[in-house]
Protein chains: 2
Amino acid sequence: MKLKSVDISKTASASSIVFEALRKAIIEGDLTEGEPLRQDEIARLFNTSRIPVREAISRLEEQGLVKTQRYKGAVVSGLSATEAEEIFDFRALIEPEVIRRAVPQMSPETLEKARASWAAFSQSSDPMTWGDLNRDFHSTLYQASGLQYHLDVIDNAMDRIDRYLRAQLVLSNGMERANEEHMEIWEACMNGNADLAAERTRRHITGARESLIQNIHSLR
Amino acid sequence: MKLKSVDISKTASASSIVFEALRKAIIEGDLTEGEPLRQDEIARLFNTSRIPVREAISRLEEQGLVKTQRYKGAVVSGLSATEAEEIFDFRALIEPEVIRRAVPQMSPETLEKARASWAAFSQSSDPMTWGDLNRDFHSTLYQASGLQYHLDVIDNAMDRIDRYLRAQLVLSNGMERANEEHMEIWEACMNGNADLAAERTRRHITGARESLIQNIHSLR
DNA sequence: ATATTGCAAATTGGATCCAATATAAAATAG
DNA sequence: CTATTTTATATTGGATCCAATTTGCAATAT
């Protein structure tokens, strides 16, 4: 007899749950730069002991999202202006190449899914979801490349600047501009023009970089 | 009264010690692909409890060096041929740009230190140290760029393919070839020719990539 | 009043113990 | 004898307890 397999293993470990929750809180800016992470407090919040909390924190440190000092504890790590710029430079180097290699492999489903993220992004009025939809749009297109390592590295880079990107979108005309650029990138993908998609992605990123530098003072 | 300051805080935590030891063992190939990491066994080896061991393992997982399954434990993760190729592609994208930006900032000390690593590399007869000296050479030059995030990411990429690179150096004429290419890269840096250093770095990496593909069967 | 010292509370790092799960071996049914 | 079930052992995940260290505050001296 064959049973429908139900994935019971999806019940994640406590440390994973804490890790994801803290990661989300940090990249969304709920936990702000310099904020100390008290193991005891977090443990109480999640109804666990400090052991899974410590595991989560050590993973966050490995990702560069927190810094810990022996016997002093962990604090959410921030980004200096130059560090933020460096990550934009990094993205401007990687992401164009990833999308260039992704374009030839994009299925109609991929394009449709990206279009949906873009549409939701352009119509959403809630600043809190903008960041997510923005990431969805790009990552959907990138995933077609099948370059898993590149995707992981990009994800980490995005985690580090997510807070600042969100702030960017709210400020000035960041929203409309991103929106338009997304459309142009999507169009290039739709037409199978890999080089154009790459170039537009590059400009999308360097543009964000410049606008961040300009707003750097209002952000911190 | 002024005392000479002694850094007593260098006494690292147990989890860090275990982490570093395991990381080294993995990238050097002492722990081979698929090898299970038994918490109890490792704890005994380091005279600690399993707690620091688990923290170390979770950090290794975050770096992609091990894979864990709930209630089953951790095993050293390997690389498929395509994954290895992808990481070489990644390096070929990043490292030329890093060295391009590093060249204008290289001090005589940097160049001398790199030359020393290169000389030690070319004269060493011990395959076990080749990998280290190779990394020293490149990373010394890259560090002049001051691009910390890029350096961290490169380090992680190197960690993942270190084992395979070492094997490369031993096989065929990998050693002499690397040696010659290092000289050429160093020369370009010495002459302040950033573009040439970048191009030679790119070819150095893509060359290693091709030779890995050729030897892929003998490696696994 | 200010600076220094001593002490107590808070906090982290690690050890030991217990629960949950997986794996291997033994027992049992056909 | 083979396949299934049951049991025992090994292993991991987490809770609780203890030690090491930091930090804030009071006590003391100048």
Side-chain angles (χ1 to χ4, degrees), chain A residues 1-3 5-23 25-26 31-32 34-77, chain B residues 1-3 5-23 25-26 31-32 34-77:
Chain A
M1 189 186 66
K2 208 96 192 274
L3 250 293
S5 74
V6 175
D7 194 349
I8 207 82
S9 77
K10 275 286 165 53
T11 50
S13 62
S15 70
S16 299
I17 292 172
V18 175
F19 171 74
E20 286 301 337
L22 290 179
R23 173 182 163 273
I26 292 172
L31 291 172
T32 59
E35 180 130 356
L37 302 178
R38 297 285 161 226
Q39 298 175 5
D40 212 12
E41 182 185 357
I42 296 167
R44 271 197 304 275
L45 273 171
F46 289 88
N47 281 317
T48 66
S49 78
R50 280 166 41 223
I51 300 290
V53 174
R54 278 171 50 183
E55 233 178 89
I57 288 177
S58 87
R59 285 165 71 181
L60 289 169
E61 174 160 38
E62 209 54 47
Q63 292 230 331
L65 293 179
V66 309
K67 287 199 199 315
T68 72
Q69 270 189 304
R70 196 163 148 82
Y71 293 114
K72 283 192 177 178
V75 296
V76 177
S77 52
Chain B
M1 185 189 63
K2 207 76 193 287
L3 250 293
S5 75
V6 176
D7 192 348
I8 208 83
S9 76
K10 274 289 159 55
T11 49
S13 63
S15 70
S16 298
I17 292 172
V18 175
F19 172 74
E20 287 299 338
L22 290 179
R23 172 181 164 273
I26 292 173
L31 291 172
T32 58
E35 181 130 356
L37 302 178
R38 297 283 160 230
Q39 298 176 4
D40 210 14
E41 183 185 357
I42 296 168
R44 271 197 303 276
L45 273 170
F46 289 87
N47 281 319
T48 65
S49 76
R50 280 166 40 222
I51 301 289
V53 175
R54 277 170 50 183
E55 231 178 271
I57 288 177
S58 86
R59 284 164 69 179
L60 289 169
E61 175 161 39
E62 210 54 47
Q63 291 231 333
L65 293 180
V66 309
K67 286 199 198 317
T68 71
Q69 272 190 301
R70 194 163 150 83
Y71 293 114
K72 281 193 178 179
V75 295
V76 178
S77 52

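Values reported hereafter were calculated over all heavy atoms of this structure, with side chains retained and with hydrogens, waters and symmetry mates removed. Protein chains get the first letters and strands the later ones, always in sequence-line order, with residue 1 at the start of each.
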Respond yes when some side-chain nitrogen or oxygen of [X] is under 4.0 Å from OP1 or OP2 of [N], and no when none is.
X	N	result
B:Gln39	D:dA10	no
B:Arg50	C:dC17	no
A:Lys72	C:dT11	no

Name the nucleic acid region contacted by [X], choosing base, sugar-phosphate or nothing; use a 4.0 angstrom heavy-atom cut-off, strictly under.
X	result
A:Ile57	nothing
B:Ser15	sugar-phosphate
B:Thr68	nothing

Among D:dA15, D:dT22, D:dG13, the one nearest A:Tyr71 by side-chain distance: D:dT22
Listed nucleotide nearest any side-chain atom of A:Arg38, set D:dT16, C:dA15, C:dT12: C:dT12
Measure from [atom1] on [X] to [atom2] on [N] and round the result to the nearest Å.
X	N	atom1	atom2	result
B:Asn47	C:dA15	CG	P	9 Å
B:Ile42	D:dT11	CD1	P	12 Å
A:Arg54	D:dT16	CZ	P	15 Å
B:Asp40	C:dT21	CG	P	20 Å
A:Glu55	C:dG14	CD	P	13 Å
B:Gln69	C:dA20	CD	P	21 Å
B:Arg70	C:dA20	CZ	C1'	8 Å

So which one's nearest nucleotide on DNA chain C is more toward 5', A:Gly73 or A:Ile51? A:Gly73
Spacing of CD belonging to B:Glu61 relative to CG belonging to B:Leu37, to within rounding of 0.5 Å: 11.0 Å
Between CG of A:Leu60 and CD1 of A:Ile26, what distance do you get to the nearest 0.5 Å? 5.0 Å
Looking at side-chain heavy atoms only, is the closest gap between B:Glu35 and B:Val75 below 4.5 Å? no
Check this for me: does any side-chain nitrogen of one of A:Glu62 and A:Arg59 sit under 4.0 Å from a carboxylate oxygen of the other? no
Salt bridge or not for A:Glu20 and A:Arg23, using N-O below 4.0 Å? yes
